[in-house]
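First comes the structure, then the notes that go with it.
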Amino acid sequence: MLCPLFLFAQDFSNEDYIYLKRHEHIKIGLKNHKFDIAKNISEQAEFLTSNKLYFANESMHFDSFTSIEDIDAYTYIPSQDKKVKVDYIETKRAFDNGVFYSDQESKNFIFPAVTKGAITNLSYKEIIKDPHFLGLFRFGTYVPTKSAQLSIEFPKNVNIGYIDFNTENINLDFKKEDTKNGYTYTWTVDNIKGYQGEEDSEAILYYLPHIIVYIKNYEEDGKVHNVLNDVNDLYKWYSSLVDQIDTSSLQKVYAIAEDITKDLTTDREKAETIFNWVQDNITYVAFEDGLGGFIPRGAASVCDKRYGDCKDMANLLYEMLNHVGIESYRTWIGTRDRHYSYFEVPTPMVDNHMITTAMVENDTIFLDATDSYVPFGMPSEFTQTKEALLGIDADNFKVIKVPVQNADKNTSTITSHFSLEDGIVKVSEKRALKGYEKVNFISDYTYKKDDKTEEEFLNTTLSLGNNKTNYSNITLENFDNKSTPLQLGYDLSIDSYAKTIGNKTYINLNIDRSLSNSSIDLEDRKYSKKIDHEFIKSFTTTFKVPEGYKVNYVPKDLTFDNPKYGYSISYTVDEDTITQNKSIYVKTLSIQNKDFETWNSFIKSLIKAYKKSIIIEKI
């Protein structure tokens, strides 16, 4: 059984751990409109060294739509020609951060007797209970694989769809077999490298070779019955789930909507008030529980309990907005982690989120109340560029794209006043944060500050000056007001920052060095660099020249101008005041490989500009 797997020519000898094979065979049966679907999964891996024995830990995940059967797992030790069976498998319920309840479970065990040269073997059957969920198969994974194979066997009255991604640079072989009882499709690739994630890159499915298979339709009783033939069928299924929403006691919901909008006259005011109410009064709690992970809970129940997941909040918004006369739609959408289109992948793999779309005074507004801090009128940051599936009615839908929010909506405006007192640089600074710049600061403050003091949090978040920067008089305004910029103020005392040589003192006004650690490693970087949102940072910095000094030098104006990113820095002198005006902008959500060198030129130029100091001289 083992010998054929060692015949491949690819040399993975410098690896610590490899898969010898990862094979998956899907068998589909159909009788009286009922599918019988099972995946037979077989994996074999070798520990080439003893450096990464933690790979001996194994987990197999399942949920309400799947079950795991017939597990066979053992370690083979070639030097002793010995098999050591796994004798204990634990079933655990999965809880992730932010997930209050999940029906996801896992079978967990540790391969025994693992050491250098050991070969682990695992096979099991996964029963698929719903024909909408065939899932995907990854040809590549985090370590090299000598043989990766997906096959799917199905009757001749069943029509299968498939689409592969990122397979251009692998030698993927496809074979179609026609037998008496049906067809078998097989995709095989040998000697595929390992794929490791990179910092600030897109989600791994953007570049990992994989395939999605799905059931398009089947023929029985002389008729063709669609399952997921196209996006129309996906929407019909989603619509059938919406029909199961509990619509009882909606008068409670309507009463709230009427009460909070009774003194408002415009649809925009009403929509914003309702959106803010749901954001402020309904706590986001994620649920993954069978079809409960797809069917929104009743709006009245969500109002009573004051918590819900994305689809619960979306449905509540839908009911409240429509009741006060604002046209709105339940909307399915994938986050940026899912790079698929509804028209090419008409399966539940395409989306993982739900929002509400409102039509307000000829504007299409995407409302995601799960983001507690995003202002009305802006979509959540992680849905930009994504296709949104709007449910118009039981039979009709519309697919539209969420636009990228322009940089001028996401601004940081920083005003700083410098002075020099007894050799110590003093700074009084105010920051006005708008759009996603504000959203991200408040999110970090709320969820990452933990037990840090205000000063400790700002020191790690802003990283201003040097390691001797001290903060005082910290103020926060408009923290909870979503419609106005966040106002952050503080005073800084920065010791050992000004450098004096003879009669000259050097002071660098660039205490904020945003993007200075953003260079791309041209030699090792493989994948594009993800940018969360477009932004503009504008700085106005003044330095009061102390008595007994004169201005000796101010740097020349510097710029880097590119349609997607750049900066400008200029200095002016007016009597005893030096003013620096600085603007940095990024107007793209992704730095593609072909643009790496241009991006690095931008960062290199910016860092060079950051190093420029003003010079004052004793009179």
Side-chain angles (χ1 to χ4, degrees), residues 163 202-203 205-206 212 228-242 267-268 270-272 274-275 278-279 294 296 310-311 313-322 325-371 374-410 435-436 439 530-534 587-590:
I163 181 168
E202 300 284 1
L205 290 179
Y206 274 74
I212 294 175
L228 291 172
N229 192 61
D230 54 27
V231 65
N232 294 278
D233 295 321
L234 178 63
Y235 178 70
K236 285 178 183 177
W237 184 59
Y238 283 167
S239 182
S240 72
L241 300 180
V242 165
D267 283 350
R268 186 171 294 274
K270 292 177 183 179
E272 182 171 1
I274 288 173
F275 177 64
V278 174
Q279 275 186 313
F294 289 86
C310 63
K311 62 188 178 299
M313 299 171 91
N315 182 60
L316 177 58
L317 281 169
Y318 166 85
E319 295 288 3
M320 296 178 80
L321 290 167
N322 278 296
I326 298 170
E327 178 186 355
S328 65
Y329 306 102
R330 300 182 187 94
T331 302
W332 294 262
I333 193 169
T335 63
R336 281 181 67 189
D337 289 347
R338 306 281 178 107
H339 68 303
Y340 311 120
S341 165
Y342 280 100
F343 298 102
E344 66 177 4
V345 184
T347 84
M349 291 296 303
V350 73
D351 52 41
N352 57 350
H353 195 41
M354 197 171 190
I355 60 174
T356 308
T357 304
M359 305 301 174
V360 182
E361 299 170 3
N362 297 319
D363 288 337
T364 300
I365 300 177
F366 300 97
L367 302 174
D368 185 356
T370 66
D371 189 332
V374 71
F376 175 82
M378 292 185 74
S380 45
E381 182 183 66
F382 50 82
T383 59
Q384 294 178 98
T385 75
K386 295 299 300 175
E387 288 179 350
L389 176 65
L390 281 61
I392 306 301
D393 55 37
D395 300 310
N396 297 287
F397 64 90
K398 184 187 295 183
V399 176
I400 58 178
K401 272 200 172 186
V402 178
V404 175
Q405 301 302 288
N406 294 335
D408 57 10
K409 291 186 177 181
N410 310 304
Y436 296 138
V439 170
K530 177 185 176 184
I531 308 292
D532 290 329
H533 62 267
E534 297 185 1
K587 298 181 179 180
T588 181
L589 295 187
S590 182

Sub-3.5 Å donor-acceptor pair from the side chain of D267 to the main-chain atoms of I326, do we have one? no
Which pair of non-hydrogen atoms, one from L589 and one from E202, has the smallest distance, and what is that distance? O-OE2, 4.2 Å
From N352 atom CG to W332 atom CH2, the distance as rounded to the nearest 0.5 Å: 14.5 Å
Per the ring-ring contact (aromatic ring centres under 6.0 Å, His included) rule, what does the pair list look like for residues 375-406, sequence neighbours excluded? Y235-F397, H353-F382
Under 3.5 Å, is there a donor-acceptor pair linking the side chains of S380 and D371? no
If we ignore hydrogens and angles and just use 3.5 Å, is the side chain of Q384 paired with the main-chain N or O of Q405 as donor and acceptor? yes
Can you name the nearest heavy-atom pair linking N396 to D393, along with the distance? N-OD1, 2.7 Å
For E387, what residues pass the salt bridge (Lys or Arg N to Asp or Glu O under 4.0 Å) criterion, not counting sequence neighbours? none
Closest contact, heavy atoms only, L205 versus H339: O-CE1, 2.9 Å
Least distance between heavy atoms, R338 atom then M349 atom: NH1-O, 2.8 Å
Contact between E534 and K409 at the side-chain level, heavy atoms closer than 4.5 Å - yes or no? no
Indicate whether any N or O donor in one side chain lies under 3.5 Å from an N or O acceptor in the other, for T357 and T331. yes
Donor-acceptor under 3.5 Å (T356 side chain, L317 main chain): no
Taking atom types as modelled and ignoring hydrogens, do the side chains of Y238 and D233 form a donor-acceptor contact shorter than 3.5 angstrom? no
Donor-acceptor pair, distance only, cut-off 3.5 Å: does the side chain of D337 make one with the backbone of A203? no
Could I get the full list of salt bridge (Lys or Arg N to Asp or Glu O under 4.0 Å) partners for D363, not counting sequence neighbours? R268
Over all heavy atoms of both residues, which pair between R330 and Y318 is shortest? Give the atoms and the distance, please. NH2-CE2, 3.1 Å
Backbone N/O of S328 and side chain of N322: donor-acceptor pair under 3.5 Å: yes
Between the side chains of S239 and D395, does any donor sit under 3.5 Å from an acceptor? no
Indicate the atoms forming the closest heavy-atom contact of F275 with V374, along with that distance. CE2-O, 3.7 Å
From the list V350, T383, D351, side chain to side chain contact (heavy atoms under 4.5 Å, CB included) partner of I333 resolves to T383
